[in-house]
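For the numbers below, each heavy atom of this structure counts, side chains included, while hydrogens, waters and symmetry mates do not. On a predicted model such as this, the values are computed, not experimentally measured, just so you know. Below, chains carry the letters A, B, ... as their sequence lines are ordered, and counting in each starts from 1.
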Amino acid sequence: MVSSLLPRRPNSRMMELHLTGFESCPLFPGGVVADHGENPLAAASFQLPACSDFDGFQKDAIQMMKPAKGTTTLAFVFKEGVIVASDSRATMGGYISSQSVKKIVEINPHMLGTIAGGAADCQFWHRNLGIKCRLHELANKRRISVTGASKLLANILYSYKGMGLSVGTMIAGWDEKGPGLYYVDNEGGRLKGTRFSVGSGSPYAYGVLDSGYQFDMSVEEAAELARRAIYHATFHDGASGGVASVYHVGPQGWKKLSGDDVGELHYKYYPVIPTPTEQEMADTSAA
Amino acid sequence: MARYDRAITVFSPDGHLFQVEYALEAVRKGNAAVGVRGTDAIVLGVEKKSTPKLQDSRSVRKIVSLDTHIALACAGLKADARVLINRARIECQSHRLTVEDPVTVEYITRYIAGLQQKYTQSGGVRPFGLSALIVGFDPDTGVPALYQTDPSGTFSAWKANATGRNSNSMREFLEKNYKETSGQETVKLAIRALLEVVESGGKNIEIAVMTKEQGLRQLEEAEIDAIVAEIEAEKAAAEAAKKPPSKDSLV
């Protein structure tokens, strides 16, 4: 695959192809001609810790840094565009730190991203992606495609691979080729698809989403399906809860459709039915 | 004046960058090159100086492709051209990798021009001594485009343009005779412009046509000879029509 050709270097810019061998002028230190800005001749290095099992130590360190993605987000493509939905709970271990986190970020008026994993990581990199998309628009006089935007993000995350970023995001948008949906994560993976759910509540959401999905749904039907899927995930998963937000991305851009408290949704879907025995007891006490 | 052309990072008192202007001189001494944009094809033509008998002419291709849908012809220092072309080819592929889309003509022109500009604002390097004509079809819109860059790093889009030796005469000819053409007519217009300054014949002209379906196609010498013959015939017919009727017929 292509990624094996590219040098893994921690830098916050896009990956570049290895250009040594094609340079016309000899590289000199601080060379103005090298357009990567780094001297490729200098070897990157840092001190290794003194321990017997370095590989094991590395694995433990990564496991310690790798937080579980406690959330439920989902997105799917259908006839009228893309529906993006999420919960709004943030947890720190067993402590619920917030019930009102915005997990769907607006990259630009035609593209949405979802947050799962480290909130700071996701918020920062989505904002950074928004900047890059805007710069692309200004330079090329046309909006960036969903393919291009997701690839920019995936390349950035890949260059930070192994350094503890926790990002499980979906990029949803409508560009010249129609609705587009990509899943991008901190491992550097990038998948194109029609249905995704990310987070600890995703198995529950998939259950509802997959069984109710049809390509030919109306916007309201699709939104209701997404809402139900989020609700059921929040019911079973402790790390998901708060408010179920549903967005729709159409040819004119995205629009927020609803934000319902999942507690209220519970009583809407499963209203309380008073049992007959209680009424009898009340009657006898009156008599 | 001589003091201001050694290190090009220095402006002259009257605002000139002499190295850049000298580079333009090098371009003016280079072989003639012309580009004409039609509705469904873009034609690049280059003057071919006489090949020495022992040289393998196939290794001296002057019109090259940067990607399947972009081609380039240039006038000036050929060695500089080779380096610039390699960098542009890498950028075309890099763009495909990072945004999963082929480059637009404007993007790659901007990249090449940016590269040329970088070398006018650095220490210890000299500018690229070439002007490039870049043609192609935008991958999404399918619109044909022709751009020109020069050693200063400026670029602009053209309907038809010429660079290199005697480019002024060619440009004058194009300004007088340009109209929207398609297919073979575009090729003829490009050849007619080149013939203004170049000795006639397929041996002295290299022509390539870029179409959306077939990409870049270099014309064979025989094809060029045939079109040149057509052009000469048309010219002769036009001359004959203009001549006044001979006095004999009045008698």
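Note on His136(A), Lys177(A), Arg142(A): by heavy-atom pairs under 4.5 Å with chain B, the leading option is Arg142(A).
Atom CZ of Arg96(B) has more than 12 neighbouring heavy atoms from other residues, nucleotides or ligands inside a 6.0 Å radius. Counting non-hydrogen atoms of neighbouring residues, nucleotides and ligands closer than 6.0 angstrom, the CZ atom of Arg143(A) reaches no more than 12 such neighbours. The neighbour count for Lys79(A) NZ, taken as heavy atoms of other residues, nucleotides or ligands under 6.0 Å away, is above 12. Within a 6.0 Å radius of CZ in Arg82(B), no more than 12 heavy atoms belonging to other residues, nucleotides or ligands are found. For Gln214(A), the CD atom counts as loosely surrounded, since its 6.0 Å shell holds 12 or fewer non-hydrogen atoms of other residues, nucleotides or ligands.
Of all the heavy atoms in Val99(B) and Lys151(A), the pair that sits closest is N-CG, 4.5 Å.
A salt bridge links Arg190(A) with Glu100(B): the distance from a Lys NZ or Arg NE/NH1/NH2 to an Asp or Glu carboxylate oxygen falls below 4.0 Å.
Contact annotation: the side chain of Asp101(B) never approaches that of Thr147(A) to less than 4.5 Å [non-hydrogen atoms, C-beta and beyond].
Residue Arg110(B) touches chain A through its side chain alone, counting heavy-atom pairs closer than 4.5 Å. At a 4.5 Å heavy-atom cutoff, Ala149(A) makes no contact with chain B through either its backbone or its side chain.
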